[in-house]
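Below you'll find the structure, written out as structure tokens, and then a few comments.
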Amino acid sequence: MSGPKIPLKIRLFLAVHSLSVNAVSSSDSNSVNRSLLKIFDPKASPAPSTKPDNGVVSSDVMVDPTRKLWFRLFTNTNNTAATAADVSLPVILFFHGGGFAYMAANSVHHDALCKRFAREIPALVVSVNYRLSPEHKYPAQYDDGFDVLEFIDSPKFEGFPANTKMQHIFVAGDSAGGNLAHHVALKACRHEFSRLKLCGVIELQPFYGGEERTESEIRLAGGPVLTTKRTDWMWKAFLPEGATRDHEAVNIFGPNSNSNVEKISESAFPATLVFIGGFDPLQDWQRRYVEGLKKCGKEVYKIEYPNAIHGFYAFEEFPESSLLIAEINSFIHNHLNL
Ligand SMILES: *[C@@H]1O[C@H](CO)[C@@H](O)[C@H](O)[C@H]1NC(C)=O
Ligand SMILES: *[C@@H]1O[C@H](CO)[C@@H](O)[C@H](O)[C@H]1NC(C)=O
């Protein structure tokens, strides 16, 4: 079988990326050399209102300084203008990917992706900077994600433009951020908020797994982008000591998942949109996740891009990245429950 078509520039970027990830990660999953990683993970400053980036303004909001929990808020200047005062915007709460161990809300590629969302989707984007493993293991990331929801739900929080439709929240994320979106949404739909209403979940190539080796994990064990060796490392760095990949955080509908099935079936888990790429080793787990949600009686949409590699959405050169934005746009439009 032939490999995916990847432009040379992106190939080089991905090669450097995986070399750097290997260089900073200890083989026992116990540490990441953060000071060395800084060199390979350039950060973007917020775009102030005096200097919008192609129509998008961003700012950082501190949630809890004791654990350095903050988010970057992206707004389209067109939507905050007085002329748009009658347009109410939903909120996309976004979790960046990076195997729970790498990247940040201000990493250049995730900053650019969120700007693109804010530019092309009529929504406010909140990108969460959660704590990373292995320094902070499960469930620190899920706690951080949920705590940001509670923070923006509080009537005391006034950091959004006046035309924000606070009750309309979509929880989203890519890769490990997609896993986070699922777990945060599951907790959120079993919780009473004062203003928020969870309207949907959007998962870009979400990171799920299990002890079993699926066909796609075997076929694409060596990449591109993600290797099975690296995903095993990420789970070990994330999970409590001694847990297996059949942990309910990882294998959502696996052998230890009775409580997941029960919780999901009984809750008002919202409509879910899942993107799957044909060159992603994780694709079989993602399809099982979609089937599992269906079995629980939930509304779920699966979008398959046969030529897509893991992380394709970070590169505008891939035509699927524009298709993805259009799909998210119509999903949000169709799920703005009044
Ligand atoms: C991180 O990597 C740098 C550069 O290789 C090295 O000097 C430093 O000692 C490493 N830090 C740790 C904690 O291993
Ligand atoms: C703002 O609105 C103008 C006029 O409709 C449009 O041309 C431009 O692309 C918009 N900019 C953004 C960032 O959405």
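Ligands are counted one by one from 1 in listed order, and the atoms in each one are counted from 1 as well. Count residues from 1 along the sequence. Reckoned from all heavy atoms, side chains included, excluding hydrogens, waters and symmetry mates.
- Using a 30° and 60° split on the angle between ring planes, Trp235 and Phe207 fall in the parallel class, below 30°.
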Write out each pair where an N or O from ligand 1 and one from the protein are under 3.5 Å apart, with the distance.
unit_1: ligand 1; atom_1: 2 (O); unit_2: Asn33; atom_2: ND2; d: 2.3
unit_1: ligand 1; atom_1: 11 (N); unit_2: Asn33; atom_2: ND2; d: 3.0

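- By the 30° and 60° cut-offs, the orientation of the rings of Tyr138 relative to Tyr142 is perpendicular.
- Take Trp70 and apply the ring-ring contact (aromatic ring centres under 6.0 Å, His included) test, not counting sequence neighbours, and it matches no residue.
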Donor-acceptor pairs under 3.5 Å, side chain of residues 114-125 to any protein atom, not counting sequence neighbours: which ones?
unit_1: Lys115; atom_1: NZ; unit_2: Asp53; atom_2: OD2; d: 3.0
unit_1: Lys115; atom_1: NZ; unit_2: Asp111; atom_2: OD2; d: 2.8
unit_1: Arg116; atom_1: NE; unit_2: Glu120; atom_2: OE2; d: 3.4
unit_1: Arg116; atom_1: NH1; unit_2: Ser321; atom_2: OG; d: 3.1
unit_1: Arg116; atom_1: NH2; unit_2: Ser322; atom_2: OG; d: 3.1
unit_1: Arg119; atom_1: NE; unit_2: Asn54; atom_2: O; d: 3.0
unit_1: Arg119; atom_1: NH2; unit_2: Asp53; atom_2: O; d: 3.0

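- Interface of Arg119 with ligand 2, defined as ligand atoms under 4.0 Å from a residue heavy atom, comprises 13 (C), 14 (O).
- Under the ring-ring contact (aromatic ring centres under 6.0 Å, His included) criterion, Phe71 pairs with no residue, sequence neighbours left out.
- Ion pairing between Glu291 and Arg288 fails under the 4.0 Å rule for side-chain N and carboxylate O.
- Contact annotation for Asn54 and ligand 2: only backbone heavy atoms (N, CA, C, O) come within less than 4.0 Å of the ligand.
- The aromatic rings of His182 and Phe269 sit tilted relative to each other, their planes meeting at an angle between 30° and 60°.
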